[in-house]
Student: 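Mind looking over this structure? Questions follow.
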Amino acid sequence: MLNISDTGDERYFVLKGDNISAGLSQLEDALNSFTREDKRNAVIDLRNVTRIDSMSLAAIIRVKNRLASTGRSLELINPTEGVLRVLQLAGLDEFLMD
């Protein structure tokens with residue numbers, strides 16, 4: 001459900017399922033571990049995700065804020081049309097995709 005890859009400055013979390021909430025606990029565990037043990041920025045690739053819910057958005061915001069408090073960033077990339085629409089309706093597109 002989750003692939004992880006690294007570059008020099010970032011760790012990429014690529015979700016494999018179409019619904020982020022199905023793998024939310026795995027993603028949140030991986031991101032929490034990353035925030036404690038790594039000093040790089042994080043990127044969540046949403047190319048395969050067609051649905052996102054409020055619990056998933058809240059978890060992503062918590063991790064983004066935790067990373068920001070240590071001078072790091074979290075960015076969402078490659079959202080599908082449906083996910084982008086939810087982000088826009090929630091007013092989170094610019095906050096999470098910058």
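By convention here, the first residue in the shown sequence is residue 1.
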Student: For Glu75, is there an ion pair with Lys64 - N to carboxylate O distance below 4.0 angstrom?
Tutor: no
Student: With rounding to the nearest 0.5 Å, note down the distance linking OG in Ser73 to CD in Glu10.
Tutor: 6.5 Å
Student: Are Leu76 and Leu67 connected, step by step, through hydrophobic side chains (Ile, Leu, Val, Met, Phe, Trp, Tyr) whose heavy atoms are closer than 4.5 Å?
Tutor: yes
Student: Please report the interatomic distance CD(Gln88) to CE(Met97), rounded to the nearest 0.5 Å.
Tutor: 8.0 Å
Student: From the options Asn41, Ile61, Val63, Asn65, select the one residue that forms a side chain to side chain contact (heavy atoms under 4.5 Å, CB included) with Leu74.
Tutor: Val63
Student: How far apart are the closest heavy atoms of Ala42 and Leu31, and which atoms are they?
Tutor: CB-CD2, 4.4 Å
Student: Could you tell me whether the side chain of Arg62 reaches within less than 4.5 Å of the side chain of Glu28, counting heavy atoms only?
Tutor: yes
Student: Hey, are the side chains of Asn48 and Val14 touching, using non-hydrogen atoms and a 4.5 Å cut-off?
Tutor: yes
Student: Answer yes or no: is there a side-chain heavy-atom contact under 4.5 Å between Phe13 and Val43?
Tutor: no
Student: Determine whether Ile60 and Ile44 make a side-chain contact, defined as any pair of heavy atoms from C-beta on separated by less than 4.5 Å.
Tutor: yes
Student: Please determine whether side chain to side chain contact (heavy atoms under 4.5 Å, CB included) holds for the pair Phe34 and Arg72, giving the CA-CA distance in whole Å, both sets of side-chain angles, and the decisive distance to 0.1 Å.
Tutor: CA-CA 11 Å; Phe34 171 78; Arg72 297 180 286 163; 4.2 Å; yes
Student: How about Tyr12 and Ile4: do any of their side-chain heavy atoms sit closer than 4.5 Å?
Tutor: no
Student: Tell me, do Leu15 and Asp45 make a side-chain contact under 4.5 Å, heavy atoms counted?
Tutor: no
Student: For residues Asp38 and Arg11, determine if any side-chain heavy atom of one lies less than 4.5 Å from a side-chain heavy atom of the other.
Tutor: yes
Student: Would you call Asp9 and Arg40 a salt bridge, taking side-chain N to carboxylate O under 4.0 Å as the test?
Tutor: no
Student: Hey, any chance Ile52 and Phe95 share a hydrophobic cluster, counting ILVMFWY side chains that come within less than 4.5 Å of each other, even indirectly?
Tutor: yes
Student: Testing the 3.5 Å rule here: is there a donor-acceptor pair between the side chains of Asn32 and Thr35?
Tutor: no
Student: Are any of the side-chain heavy atoms of Leu57 and Leu87 separated by less than 4.5 Å?
Tutor: yes
Student: Looking only at non-hydrogen atoms, find the nearest pair between Val83 and Val49 and report the distance.
Tutor: CG2-O, 3.3 Å
